[in-house]
Amino acid sequence: MVNLKEKPFYLKEEDIKWVEETIAGMTTEEKIGQLFVYMVTNRDPAVMKSVLDRFHVGAIRYHNAPKEELYEQNRILQENTKIPLLIASNCEAGGNGGIEGGTAVANGAAVAAADSEEMAYEMSCVGASESAAVGCNWNFAPVVDLLFNWRNTIVQTRAFNDNPEDTIRYAKAFMRGAKEKGFATCCKHFPGDGTEENDQHLLMGINDLSCTQWDNTFGRVYQELIDDGVMTIMAGHIALPSYQRELHPGLKNEEILPATLSPELITGLLKEKMQFHGLVVTDASHMIGMFAAMPRKEQVPRAIAAGCDCFLFFNDPEEDFGYMLEGYRSGIITEERLKDALYRILGVKAAIGLHRKQAEGTLMPPREALEVVGCREHRWIAKKAADQFITLVKDTQSILPLTPEKSRRLKLVFIGGGEGMVVAGKLIKDNSEEVKEQLLRLLQQQGFQVDAQTPQGKGKMEDFQAKYDACIVALHVTGFAQYNSMRVKWASPADQPWYVSQIPTIFLSLGFPNHLIDVPMARTYINAYFDSETVMEAAIEKIMGKSEFKGRYQENVFCGRWDTRL
């Protein structure tokens with residue numbers, strides 16, 4: 001049984017007493033319910049109360065919404081739960097991961113581009129402050145994957161980079177910021193994404209490093225953060241065959257499972273070998289990387305039996321709750337394993353003081369706290385960050401600076417992702433049109449005369465050259481969790497870069513940093529890392545020479561090709 005007096009909980013006797021008495025007072029159904037993290041899909045108060053009454057969930061997550069809606073949602077849930085809820089946000093880059101309209105500061109790739117522990121700390125503080133205002137207390141971050149494979153689209157901007165030392169530095173700074181705000185953090189996605197190009201939303205991931213290679217990279221990162229006191233870790237639907245075979249000699253290929261279902265990886269490697277005594281939560285169980293591993297009736301209880309303590313999201317609440325309960329009654333989940341999971345779940349709640357806040361009636365902050373969302377101070381932090389991380393990868397033909405004085409007539413080619421993306425099982429519409437309008441307006445405000453229309457055909461080259469002084473190609477390919485690859489798609493031949501040899505052309509990426517694989521002809525290429533208005537405004541200032549480029553690029557930005565460096 002986990003020792004709650006020790007790392008990462010450090011509970012006092014009275015806190016441990018609350019954990020033990022709470023568990024002793026639970027029904028079997030209430031114990032099973034604590035294992036689930038419920039995705040709120042309906043904010044009707046009667047529906048939410050029914051979920052609490054029927055399934056006794058221990059934690060919740062939600063789709064982003066305006067701050068007032070989320071505050072009311074969480075108030076109702078906390079006021080109607082017997083045991084205080086862990087309420088999770090996904091603030092990997094700032095408050096935008098927890099609230100619609102929250103402040104985006106910097107994603108992982110941007111932090112690494114700036115090489116700034118301070119930025120990692122500040123983005124964590126902003127995310128925690130803004131999501132705490134709506135009642136959150138658990139952040140599914142930081143992302144500590146290592147981007148060894150530039151083709152990986154799942155963590156390409158969410159991970160810091162491919163350097164374990166950098167990742168440890170930034171992650172520790174992130175964790176420090178969250179801790180100061182009273183949050184539990186959750187490093188993800190154990191045993192590590194970034195070595196391959198596949199998406200666990202669609203199939204089981206495979207980290208094919210040897211045991212020694214893993215120990216020196218991902219293992220080093222996780223061990224440092226465990227030693228530093230991280231309280232929760234998210235297991236990915238990712239296999240690590242080398243260690244699975246090391247810990248289970250004779251394991252056949254067909255017996256290799258994702259970490260979320262692997263006792264070798266969760267119990268054997270993470271909890272026993274690496275001595276992690278905190279809480280392990282599965283990645284979202286709607287992902288095919290988990291669904292395809294075994295029948296749902298087995299995978300639900302076997303995730304807990306493997307050593308995971310929380311199960312992320314119901315497929316169908318009644319069905320999955322029944323599967324978990326039956327798994328306990330049939331012995332798949334032993335009494336000892338259930339009790340250990342409950343100790344860890346309630347241990348996290350006690351460690352961040354939820355039991356005391358419930359007794360005091362302060363689980364929810366006052367409504368006035370909502371004013372922090374998108375506040376002036378946080379916007380200033382985001383602006384400061386953007387100035388530091390925007391990266392000029394190359395300008396081999398010395399096009400920059402580009403100003404209205406010498407290049408007033410500007411052609412804007414905007415390439416959007418188009419398909420949208422899936423977040424927590426829900427298809428989110430692509431925001432390319434909104435981003436395009438913002439970029440167009442910002443360029444016009446700086447004095448450029450901008451044409452952002454796409455003609456039916458290319459037309460004459462000399463006519464194009466006579467009409468425009470320069471071109472900016474904005475690449476807004478940002479989707480993930482729906483395709484195994486996200487590449488630049490030229491919807492119209494007129495948008496294709498047929499003009500690069502005729503007029504000065506700047507390629508500006510507002511998402512993935514590895515687009516040179518699709519535009520090797522680019523002689524001027526800039527990575528802005530994401531698409532907030534603050535970032536686009538800063539990028540334009542740098543293009544115009546009003547501000548210097550300060551970001552650094554990762555070597556894999558050149559995608560292993562010589563022609564991308566020209």
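Owing to the predicted nature of the structure, the values given are computational and were not obtained by experimental measurement. The figures that follow rest on heavy atoms only: side chains count, while hydrogens, waters and symmetry mates do not. Numbering of residues begins at 1 and proceeds along the displayed sequence.
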Fill in: R367/E68 salt bridge by N-O under 4.0 Å criterion
no
Worksheet item: Salt bridge between D387 and K550, side-chain N to carboxylate O under 4.0 Å?
Response: yes
Worksheet item: Is K411 reaching over with its side chain to a backbone N or O of Y499, donor-acceptor style, under 3.5 angstrom?
Response: no
Response to the item:
Test salt bridge (Lys or Arg N to Asp or Glu O under 4.0 Å), reference E122, set R176, K383, K384, output is K384
Worksheet entry | Pair F507 and Y525, ring centroids less than 6.0 Å apart | no
Discussion item. Is it the case that the ring center of F190 lies less than 6.0 angstrom away from the ring center of Y222?
Written reply: yes
Worksheet item: So do the side chains of H189 and D145 get within less than 4.5 Å of each other, counting heavy atoms only?
Response: yes
Worksheet item: Going by an N to O cut-off under 4.0 Å, is there a salt bridge joining D518 and K489?
Response: no
Discussion item. Salt bridge check, E165 against R220: does any charged N sit closer than 4.0 Å to a carboxylate O?
Written reply: yes
Fill in: Salt bridge R565-E555, side-chain N to carboxylate O under 4.0 Å
yes
Worksheet item: Is any side-chain N of the basic residue among E533 and R441 closer than 4.0 Å to the acidic one's carboxylate O?
Response: yes
Fill in: side-chain hydrogen bond (donor to acceptor under 3.5 Å, both in side chains) between D193 and N152, worked out
CA-CA 9 Å; D193 200 356; N152 185 295; 3.1 Å; yes
Item to complete: Just say parallel, tilted or perpendicular for the rings of H201 and H286, cut-offs at 30° and 60°.
Response: tilted
Worksheet item: Do the charged groups of E92 and K188 touch, with an N to O distance under 4.0 Å?
Response: yes
Worksheet, complete the sentence: Here the pair of heavy atoms bringing P8 nearest to V230 is CB-O, 3.6 Å
Worksheet item: With a 4.0 Å cut-off, would you call E72 and R75 a salt bridge?
Response: yes
Fill in: R408 with D469: basic N within carboxylate O range, under 4.0 Å
no
Item to complete: I would like to know whether N139 and S131 meet side-chain hydrogen bond (donor to acceptor under 3.5 Å, both in side chains); could you show each step before the answer?
Response: CA-CA 9 Å; N139 191 3; S131 57; over 6 Å; no
Practice prompt. Take Y529 and T391 through the side-chain hydrogen bond (donor to acceptor under 3.5 Å, both in side chains) test and state the conclusion after the steps.
Written response: CA-CA 9 Å; Y529 302 102; T391 304; 2.9 Å; yes
Worksheet item: Nearest heavy-atom pair of I506 and I526: which atoms, and what distance?
Response: CG2-CD1, 3.8 Å
Fill in: Whether D451 side chain and Q453 backbone form a donor-acceptor pair below 3.5 Å
yes
Worksheet item: Would you call D228 and R169 a salt bridge, using N to O less than 4.0 angstrom?
Response: no
